[in-house]
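Note on naming: letters A, B, ... go to the chains in the order of the sequence lines (proteins, then strands), and numbering restarts at 1 for each one. A quick note: this is a predicted structure, and the numbers were derived from the prediction, not measured. Hydrogens, waters and symmetry mates are skipped; everything else that's a heavy atom, side chains included, is used.
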Number of protein chains: 2
Amino acid sequence: MQQFLKDLFPELAPDQELIEEIERRSSVREIEKGTTIIDYGSYIHFVPLVVKGLVKVMRENSDGKEVLLYFLSGGSTCAATFSCCMVRKRSEVKAIAEEDTTIIMIPLEAADEWMGKYTKWRNFVMSMYDQRLFAMIDTVDKLAFSKLDEKLWDYLTERVLYTDNHTVEVSHQEIADDLNASREAISRLLKKLENQEKIKIHRNKIELLEQQVT
Amino acid sequence: MQQFLKDLFPELAPDQELIEEIERRSSVREIEKGTTIIDYGSYIHFVPLVVKGLVKVMRENSDGKEVLLYFLSGGSTCAATFSCCMVRKRSEVKAIAEEDTTIIMIPLEAADEWMGKYTKWRNFVMSMYDQRLFAMIDTVDKLAFSKLDEKLWDYLTERVLYTDNHTVEVSHQEIADDLNASREAISRLLKKLENQEKIKIHRNKIELLEQQVT
DNA sequence: CTCATTTAGTGATGCCTATCACACAGATCT
DNA sequence: AGATCTGTGTGATAGGCATCACTAAATGAG
């Protein structure tokens with residue numbers, strides 16, 4: 001586990017004492033694709049660091065519709081969750097494993113205590129907030145300016161990064177939900193991408209063609 | 001100034017030593033409406049706490065278009081700026097005073113030093129990040145689901161909170177820019193709101209009618 | 001007071017996408 | 001093999017908003 005940590009969270013690595021403390025006090029959890037890791041309204045007793053896989057973080061708005069906020073992949077953690085922990089409030093977001101995922105679970109008390117004790121930890125947490133903030137800015141940017149076809153292509157290329165065979169396993173409906181669009185529109189645009197030979201459509205599965213993955 | 005601080009930042013108030021330290025090491029700056037407080041690419045040597053007024057924070061995307069991120073009013077600070085300070089990077093955002101504004105400027109070194117020294121300060125900074133993150137989530141939500149008329153109404157009601165005479169001083173073009181819409185569309189929708197007797201349109205000025213400000 | 005500049009109002013046109021309404025095909029079950 | 005789902009393909013329709021092309025007020029500068 002020390003190697004995990006050092007590879008994925010290089011900011012923490014220099015502080016051997018911290019690394020050992022993390023190892024001593026946290027546990028590793030393997031999560032199967034599709035599992036809900038955190039749900040709305042639940043209390044959270046641990047800070048999750050994503051080691052491997054892909055986690056989708058989203059939020060339900062007042063009308064009950066869900067907005068995709070961002071994806072978390074290896075080497076990152078969810079700032080929104082972190083803040084929930086810190087102020088002991090219920091989660092405002094939902095996190096789902098979109099691929100088989102491994103996380104390190106750090107008990108709340110430890111995460112809290114380390115804030116005062118380890119500068120490296122504090123900076124790590126700050127930089128995670130920072131990264132999420134900028135991920136959100138990107139999301140805003142896309143929503144504000146991109147048309148659906150562009151959003152779709154971005155979505156596919158981002159997701160394919162976290163699979164091994166250039167293939168994203170989703171239905172058109174799921175994509176539509178993530179992009180706040182209608183299934184029909186997604187289907188039609190996918191067909192267009194297929195005609196452009198950028199992707200191959202299979203049932204429940206989109207394959208990005210080689211030359212495009214550069 | 002101690003009173004300012006205690007009123008606007010109640011989280012900090014209990015720590016008298018911190019309050020005194022802030023007073024000793026920071027300065028107050030009065031900013032005229034329209035002034036650019038922070039610009040893209042500039043280095044920032046102080047953390048600004050907004051005491052009074054309204055500050056618009058935005059970002060330029062790769063195509064040179066600007067996205068409105070959020071407004072800051074009394075009692076808040078800009079997380080994006082804060083993180084710029086902390087890692088000594090150039091600003092990725094631009095901040096403009098939309099009303100006459102007063103800020104407390106805290107030197108970078110002090111803000112940094114206090115992170116280790118004062119729990120209250122640390123929690124304050126964390127909660128500011130948290131608040132900005134959720135402001136961004138709201139922005140995303142509106143972009144994803146609201147139609148232009150709703151966005152416009154939200155925009156007006158939010159902005160009118162920070163003026164005294166139920167009047168927002170903006171041109172249709174400015175609103176259009178902030179909402180990523182066309183001026184014509186904004187003009188037409190404003191006219192509709194005027195017909196519904198929710199607002200009164202003046203040149204460079206929108207007046208929200210009494211009964212609506214509840 | 002006039003002319004130039006900003007700011008606003010209005011119609012016409014067209015694109016994008018939501019929505020409705022089905023047809024169809026692969027998967028799964030019985 | 002037939003019946004039932006679930007995921008897709010397709011056309012028709014309609015609404016929202018961008019864009020273009022002007023006109024018309026309001027303001028400011030000389």
Side-chain angles (χ1 to χ4, degrees), chain A residues 33-34 61 63-68 98 140-156 159 167-208, chain B residues 33-34 61 63-68 98 140-156 159 167-208:
Chain A
K33 176 170 174 170
N61 77 353
D63 306 349
K65 290 188 227 163
E66 292 190 322
V67 214
L68 169 64
E98 288 283 287
V140 168
D141 193 64
K142 270 184 209 151
L143 279 171
F145 298 118
S146 300
K147 299 237 221 62
L148 193 51
D149 53 354
E150 201 179 330
K151 288 193 233 175
L152 175 59
W153 182 243
D154 284 354
Y155 177 89
L156 292 174
R159 291 223 30 185
T167 298
V168 187
E169 297 196 17
V170 277
S171 68
H172 299 185
Q173 185 63 61
E174 281 179 71
I175 300 177
D177 290 343
D178 283 347
L179 297 182
N180 315 119
S182 70
R183 180 193 56 80
E184 294 92 324
I186 296 296
S187 282
R188 285 188 248 261
L189 290 175
L190 283 172
K191 177 118 300 191
K192 212 158 97 186
L193 285 172
E194 193 173 40
N195 288 336
Q196 292 166 41
E197 299 188 318
K198 292 184 161 186
I199 63 171
K200 191 107 198 301
I201 301 175
H202 309 265
R203 190 185 173 82
N204 264 319
K205 208 184 278 189
I206 315 277
E207 178 187 351
L208 273 81
Chain B
K33 176 171 174 168
N61 78 353
D63 306 350
K65 290 188 226 163
E66 292 190 323
V67 213
L68 169 63
E98 287 284 285
V140 168
D141 193 62
K142 271 182 208 152
L143 279 172
F145 298 118
S146 300
K147 300 235 221 62
L148 193 51
D149 53 354
E150 201 179 331
K151 289 192 231 175
L152 175 59
W153 181 244
D154 285 353
Y155 177 89
L156 292 174
R159 289 220 35 182
T167 298
V168 186
E169 298 197 16
V170 278
S171 68
H172 299 187
Q173 184 64 62
E174 280 179 71
I175 300 177
D177 290 344
D178 284 346
L179 298 181
N180 315 119
S182 69
R183 180 192 58 78
E184 295 91 323
I186 295 297
S187 283
R188 286 188 248 258
L189 290 174
L190 283 171
K191 176 117 301 189
K192 213 158 95 186
L193 287 172
E194 193 173 40
N195 289 336
Q196 294 166 45
E197 298 187 321
K198 292 184 163 187
I199 64 171
K200 191 106 200 301
I201 301 175
H202 308 267
R203 190 187 175 79
N204 263 322
K205 208 183 278 188
I206 315 277
E207 178 186 352
L208 272 81

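Residue Lys33(B) places its NZ atom among more than 12 non-hydrogen atoms of other residues, nucleotides or ligands, all under 6.0 Å distant.
Rounded to an integer number of Å, the gap from His172(B) NE2 to dA25(D) P is 16 Å. When rounded to the nearest whole Å, the span between CG of Asp149(B) and P of dA18(D) equals 12 Å. Note: NZ (Lys192(B)) to P (dG16(D)) measures 7 Å, nearest angstrom. Taking atom NZ on Lys65(B) and atom P on dA18(D), their separation rounds to 11 Å, with Å as the unit. Atom C1' of nucleotide dG9(D) and atom CZ of Arg183(A) are separated by 8 Å, given to the nearest angstrom. Between Gln173(B) atom CD and dA25(D) atom C1' there is a gap of 17 Å when expressed in whole angstrom units. When the P atom of dT6(C) is taken as reference, atom CZ of Arg203(B) falls 11 Å away, rounded to whole Å. dG9(D) atom P lies 5 Å from atom NZ of Lys191(A), rounded to whole Å.
A donor N or O paired with an acceptor N or O is not found under 3.5 Å between the base of dC17(D) and the side-chain atoms of Glu184(B).
Among the heavy atoms of the strands lying under 4.0 Å from Ser187(B) are primed sugar atoms or P, OP1, OP2 only; no base atom is included. At the heavy-atom level, Ser182(A) lies under 4.0 Å from base atoms of the strands shown.
The two atoms that bring His172(B) and Arg183(B) nearest to each other are CB-CG, 4.1 Å, heavy atoms only.
Here the straight-line distance linking atom NZ of Lys192(B) with atom CG of Asn195(B) works out to 10.0 Å at 0.5 Å rounding. Note that the CG atom of Asp178(A) and the NZ atom of Lys151(A) stand 12.0 Å from one another [nearest 0.5 Å].
Nearest-nucleotide assignment on DNA chain C puts the 5′-proximal partner with Asn204(B), out of Arg188(A) and Asn204(B).
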